[in-house]
2 protein chains.
Amino acid sequence: MSDKPGFLARRFQQIAVAVFHAEVAAAGFDLTPVQYSALTALRAHPGVDQATLAGLIAFDRTTMGGVVDRLAQRGLLTRKPHPTDRRARTLEITAAGADLLDRVEPAVQRAQEIMVSGLDAAEAAEFLRLLRKAVEGCNALSRAPLTPA
Amino acid sequence: MSDKPGFLARRFQQIAVAVFHAEVAAAGFDLTPVQYSALTALRAHPGVDQATLAGLIAFDRTTMGGVVDRLAQRGLLTRKPHPTDRRARTLEITAAGADLLDRVEPAVQRAQEIMVSGLDAAEAAEFLRLLRKAVEGCNALSRAPLTPA
DNA sequence: GGGTGATTGACAGCATACTGATAATCAGTA
DNA sequence: TACTGATTATCAGTATGCTGTCAATCACCC
């Protein structure tokens, strides 16, 4: 089983989420990896609509609805009607959201290091390169491909 | 964002599941990656209980309940009372389950290759080695660590 | 032989993810 | 301008995964 990339993909994701949760909770915060990604992308691209934000981090449009709901409910972002397109809603990170991102950053960084702590520095760098390359090569194969700005 | 192992982990898992689904569906079957793993492990270890099966493939005990329910409902495995431990249920793969595994195997193999099609053969081998090493190094960090027989 | 701690399977509840469908709207064309 | 096709957000439904909790049961130790 452990020689199948698909099985290891699931396992690595499982570990990544657990480590993220553990570090972020230990630092006193309550934020999922998905919520962190969404807020980070929103800070870099203020004013986008939900579909565009989803494309920036390869989320499914449907999933993004729920994520945005929960973040808005906690006051970490705002959702206002788009000035010209009446279908869309414009998203903006709030001061509370940006502040939370700043304060949680050290925990997130620690989590990223722990995930690859089984590898030495050279291996970790090579692993990251190959993982990025594999993901980019298959970008179009998921329902929600990455769509840069 | 693409330099964070956590983000790439989620993305690679997302792609892996999509590719698995696409190949398996194209071959005319209806089986999720998780169901495939469970059936495969059960065939290799007939008669185990749910908790043991979960440990063999690093599933959460709670998740395994639902997976087993759906597989039993489709007649791919059976769930009988354990002969000595009245808490446990003994799981067995059925002939239909084993037959399905055999017939779906080529599609699963194709999916595994597609997932790493962005890498050449040497890179894919090294990627698999590093991924396996990273996962093993962090095995204890998830709620559901891998527990070999 | 009785009490204690661990284990098994289940439950409710939350958060991703996907499929397929829909209504509202927009944009470009006939 | 009317029509067509694409796009935005949402909905119902299914399947993972996790947290925490619970009752039933087991295994071990005093």
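Proteins get letters first, then strands, A, B, ... in listed order; numbering begins at 1 in each.
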Can you work out whether A/G65 or B/P33 has the more 5'-proximal nearest nucleotide on DNA chain D?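 Mapping each residue to its closest nucleotide by heavy atoms, the 5'-most match is A/G65.
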Round to a whole Å and report the spacing from [atom1] of [X] to [atom2] of [N].
X: A/L91; N: D/dT8; atom1: CG; atom2: C1'; value: 12 Å
X: B/M64; N: D/dT16; atom1: CE; atom2: C1'; value: 12 Å
X: A/H21; N: D/dT19; atom1: NE2; atom2: C1'; value: 9 Å
X: A/D30; N: D/dT19; atom1: CG; atom2: P; value: 13 Å
X: A/R11; N: D/dT16; atom1: CZ; atom2: P; value: 17 Å
X: B/D85; N: D/dA24; atom1: CG; atom2: C1'; value: 10 Å
X: A/R10; N: D/dG17; atom1: CZ; atom2: C1'; value: 9 Å
X: B/R74; N: D/dT14; atom1: CZ; atom2: C1'; value: 13 Å

Classify the ring geometry between A/F127 and B/F127 as parallel (under 30°), tilted (30 to 60°) or perpendicular (over 60°).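 Rings of A/F127 and B/F127: parallel, under 30°.
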Using a 4.5 Å cut-off on heavy atoms from C-beta on, say whether the side chain of B/L53 contacts that of B/H45.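 Result no, sub-4.5 Å side-chain heavy-atom pair not found.
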Would you check if A/E23 and A/I114 make a side-chain contact, meaning some heavy-atom pair closer than 4.5 Å?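 Yes, their side chains come closer than 4.5 Å.
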Partners passing side-chain contact (heavy atoms from CB on, under 4.5 Å) against B/E136 (at least two apart in sequence or in another chain):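 Here the qualifying residues are B/R132.
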Nearest heavy-atom pair of B/L71 and B/A38: which atoms, and what distance?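 Shortest heavy-atom contact: CD1-CB, 4.2 Å.
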At their closest point, which heavy atom of B/I15 faces which heavy atom of A/C138, and how far apart are they?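 Scanning both residues completely, I find the closest heavy atoms to be CG2-CB, 3.6 Å.
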Is the phosphate of [N] approached by [X] (side-chain N or O, under 4.0 Å from OP1 or OP2)?
X: A/R86; N: D/dA9; answer: no
X: B/R143; N: D/dT19; answer: yes
X: A/Q13; N: D/dG17; answer: no
X: A/Q50; N: D/dT7; answer: no

What's [X] touching, base or sugar-phosphate or nothing? Going by heavy atoms closer than 4.0 Å.
X: B/T32; answer: sugar-phosphate
X: B/V67; answer: sugar-phosphate
X: A/S142; answer: nothing
X: B/R61; answer: base
X: A/T52; answer: nothing

Excluding sequence neighbours, so at least two apart, what forms ring pair (Phe, Tyr, Trp, His ring centres under 6.0 Å) with B/F59?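 Testing B/F59 for ring pair (Phe, Tyr, Trp, His ring centres under 6.0 Å), a comparison that skips the adjacent residues, returns none.
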Along DNA chain C (nearest heavy atom to each residue), the more 5'-positioned of B/R79 and A/R87: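 Comparing both residues, the 5'-ward one is B/R79.
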Using both distances under 3.5 Å as the test, list the Watson-Crick or G-U wobble partner of C/dA30, or none.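 Pairing partner, where one exists within any strand: D/dT1.
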Does a salt bridge link A/E126 with B/R129, judged by any charged N lying under 4.0 Å from a carboxylate O?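 Salt bridge: no.
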Please find the earliest and latest nucleotides of DNA chain C, in the 5' to 3' direction, that have an atom within less than 4.0 Å of any heavy atom of chain A.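 On DNA chain C, the outermost contacted nucleotides are C/dA15 to C/dC26.
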